[in-house]
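The next block holds one structure in the form of structure tokens; read it before the comments.
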Amino acid sequence: MTGPDGPHRAPGSDGGDFRPAGGGSDLAREEEERAVEQALALVGGTTLRPSRGRDIPGTPGTPGTPRASGASGGDLSSGPSGSPGNDRRGSSGPTGNGPDQSASTDSASTDSAPVGGFPAGNGPSAGGPSGGARATAQASGSDQRPRPGRSSSEAPAPNAEPATPKAPPLSWDRARAVATRAGRTGPPATIRLPLDRALGHVLAEPLGALTDLPSFDTSAMDGWAVAGPGPWAYEAGAGLLAGRGPDTPLPDGTAVRIATGARVPPDTTAVIRSEHAHPDEAKGLLHARRSVVTGQDIRPRGQECRSGEQLVPAGTVVTPAVLGLAAAAGYDALPAVPRPRVDILVLGDELLAAGLPHDGLIRDALGPMLGPWLRALGAEVAGPVRLGDDAGALRDALASSDADLIVTTGGTASGPVDHVHPVLDALGAELLVDGVAVRPGHPMLLARLPAPGQMRGQAEGPPEGPYLVGLPGNPLAAVSGLLTLAEPLLAGVAGRPAQDAYRALVHAEVHGHPHDTRLVPVVHRAGRAGGRDHVAPLRYNGPAMLRGIAAADGLAVVPPGGVRSGTEVEILDLPWAPATPWTEGCFT
């Protein structure tokens, strides 16, 4: 089955190469492979070197890079004009511009424009997120199409060999788990911040009480402190005020005026509220209008906490309330995790920074969106840098970054100007996630770059430089990548504890992709007439659309095949609530 993102496995497929209908038996395929090997021998084929297909674009026709159309395990690109899974920004499939993106086939959520070059049912392998393994010739700029005077079944040139097939994309759950583990590879750093600079940071250590709270018995009300049974003798005067007053016991049968927060004298039985007391000035006696209970309206020492008791666990985000608690407990500074530093690199020659789209150019939606989004996730973000489609500029930017995380937009598929994979390979990066079985956003990736010394060959071992999250160029596909890879990674780097997933009823049938998870914008709705709260899917959910996510409270995780109305689905919350009370009928 061929969709806008390229061919896909048929239901029930084991994940191997997709073959046209009537492809023949295993015996026929073995005979075909033997025939190819014999043809290679006739033209002097040499030992073949597997290729990962991620070289920086170079001279077409480099020995060892082209792959023959009949080579075992190989795929053909669709030519220089496009390839399966291309993620160029602003593109959308046949259903990308309509109001309803809920088709149950591949068009349910496409991350890229439809790719030509293959009739339906005759595409390349569906082994990767872009419909098949990347062709080495495509990465190097050479043309895989049959050349004049040579049939497509003719043996390849000497020294050519089939590229190693790309591994299938990770499931959505597994990709999230990889990103979570990557962010927690080591203990977070700790800095001490004064209270006025700690807001929004994450506590690196538990916050323990430095003293009892309250540290002495205090009055909870304005009134009278009394000792023993009444009536009580009292003397006229201001009484005991907060922060003042002697530390002398209160004699039995006496009373003294007391203000809220003032220290209660030793031997005090209770505090009588002013409105419940009747002072007889003529006799100098205080009478209670209600019965008096021992300890009433007294905040005893240690009522809130005892010295050394944990107030807030590590990993807590410092909110205004946490600042207030810390100050009450005697803190002047807090142990915090530094905010992760993030660089944003916007790729694509077709992007405009201002004005109306024109002449095939489109506005950059991701540059303005990503910075605030990442800050809402607790990161310290530099302004976006626009690089266009320049492999050299991308390599220089990656090699010189001192951020904890680099986020790129676009260029993650295998089109003619998609440079992310080749540049990562040239720098020696480790690909942790290379494609995710999710719609929209399947060409997303997660990599670990080498440290500067490792890039220059001064050190060996696993890369220890910044992480890189490669987002597809389509806006909603990029949001999918943020929530799938960037959010759990940043949570780990920032020291935040993993959030427990929660589920909610969905009030509508939501069509699914045949094989992949779908992330669908939803809005929360209150239950009516005793009904349960639920979520409703929003209409504008195509990969190039932001209208739906702008009105959403979160994204529903829809499993392959979709869900019926009344089914519980996992919800990914957004780090804010919509600022405008959208009209329900416009989006649902």
Side-chain angles (χ1 to χ4, degrees), residues 4-5 85-102 107-114 129 342 344-357 360-377 381 384-389 407-413 415 418 420 436 438-445 469-487 518-523 537-556 572 574-576 578 582 587:
D5 293 325
N86 193 321
D87 71 349
R88 302 310 301 156
R89 292 138 297 266
S91 303
S92 59
T95 60
N97 298 317
D100 189 358
Q101 300 294 317
S102 58
S107 62
S109 183
T110 168
D111 305 332
S112 58
V342 180
I344 300 173
L345 306 179
V346 179
L347 312 182
D349 290 338
E350 75 277 20
L351 299 178
L352 294 170
L356 292 174
L361 302 177
I362 61 173
R363 280 295 298 271
D364 168 29
L366 296 182
M369 181 177 74
L370 291 182
W373 195 306
L374 291 164
R375 290 187 190 99
L377 294 176
V381 187
V385 177
R386 293 177 171 85
L387 299 181
D389 291 314
V407 175
T408 63
T409 69
T412 57
D418 290 335
V420 173
V436 179
V438 66
R439 303 301 172 113
H442 68 284
M444 68 181 73
L445 62 86
V469 170
L471 303 177
N474 271 323
L476 189 57
V479 169
S480 174
L482 276 176
L483 295 179
T484 302
L485 299 178
E487 187 273 332
R518 279 190 74 202
L519 300 182
V520 178
V522 294
V523 64
L538 301 175
R539 290 172 55 196
Y540 298 98
N541 53 37
M545 296 180 177
L546 288 174
R547 189 174 175 184
I549 195 68
D553 299 320
L555 283 91
L572 301 177
L574 301 179
W576 58 83
W582 302 99
F587 296 94

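FYI, side chains are in, hydrogens and waters are out, and symmetry mates aren't considered; it's all heavy atoms of this structure.
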**Request:** Answer whether the closest heavy-atom distance between the side chains of Ile344 and Leu374 falls below 4.5 Å.
**Result:** yes
**Request:** Please examine the side chains of Leu471 and Val407, heavy atoms only from C-beta on, and report whether any two atoms are closer than 4.5 Å.
**Result:** yes
**Asked** So, do Leu482 and Leu370 sit near enough that their side-chain heavy atoms are less than 4.5 Å apart?
**Response** yes
**Message:** Could you go through Val523 and Leu538, starting from their C-alpha distance and side-chain angles, then the distance that decides it, and tell me whether this counts as side-chain contact (heavy atoms from CB on, under 4.5 Å)?
**Reply:** CA-CA 7 Å; Val523 64; Leu538 301 175; 3.8 Å; yes
**Message:** Using every non-hydrogen atom in the two residues, find where Met369 and Pro475 come nearest and quote the distance to one decimal.
**Reply:** CE-O, 4.3 Å
**Item:** For Ala353, all residues meeting side-chain contact (heavy atoms from CB on, under 4.5 Å), sequence neighbours excluded
**Value:** Arg386
**Asked** Taking the side chain as C-beta and beyond, is there a heavy-atom pair between Val479 and Trp373 under 4.5 Å?
**Response** yes
**Message:** Restricting to non-hydrogen atoms, name the atom on Leu347 and the atom on Asp389 that form the minimum distance, rounded to 0.1 Å.
**Reply:** C-OD1, 4.4 Å
**Prompt:** From Leu387 CG over to Thr409 OG1, what is the distance, rounded to the nearest 0.5 angstrom?
**Reply:** 9.0 Å
**Where Ala552 and Pro521 come nearest, the two heavy atoms and their spacing** = CB-CB, 3.9 Å
**Prompt:** What heavy-atom pair brings Ala365 and Pro368 nearest, and what distance separates the two atoms?
**Reply:** O-CD, 3.6 Å
**Asked** About how many Å separate OG1 of Thr408 and CE of Met444, when rounded to the nearest 0.5 Å?
**Response** 12.0 Å
**Asked** Is there side-chain contact between Ile549 and Leu555, with heavy atoms separated by less than 4.5 Å?
**Response** yes
**Message:** Distance check, rounded to the nearest 0.5 Å: Leu377 atom CG versus Leu574 atom CG?
**Reply:** 10.0 Å
**Complete:** Here the pair of heavy atoms bringing Leu352 nearest to Leu356 is CD1-O, 3.5 Å
**Request:** Taking the side chain as every heavy atom from C-beta outward, state whether Pro440 and Asn474 have any atom pair closer than 4.5 Å.
**Result:** no
**Request:** Answer whether the closest heavy-atom distance between the side chains of Leu572 and Glu487 falls below 4.5 Å.
**Result:** no
**Asked** What heavy-atom pair brings Ile362 and Pro357 nearest, and what distance separates the two atoms?
**Response** CA-CB, 4.1 Å
**Message:** Among residues at least two apart in sequence or on other chains, which ones pass side chain to side chain donor-acceptor pair (under 3.5 Å) with Thr484?
**Reply:** Trp172
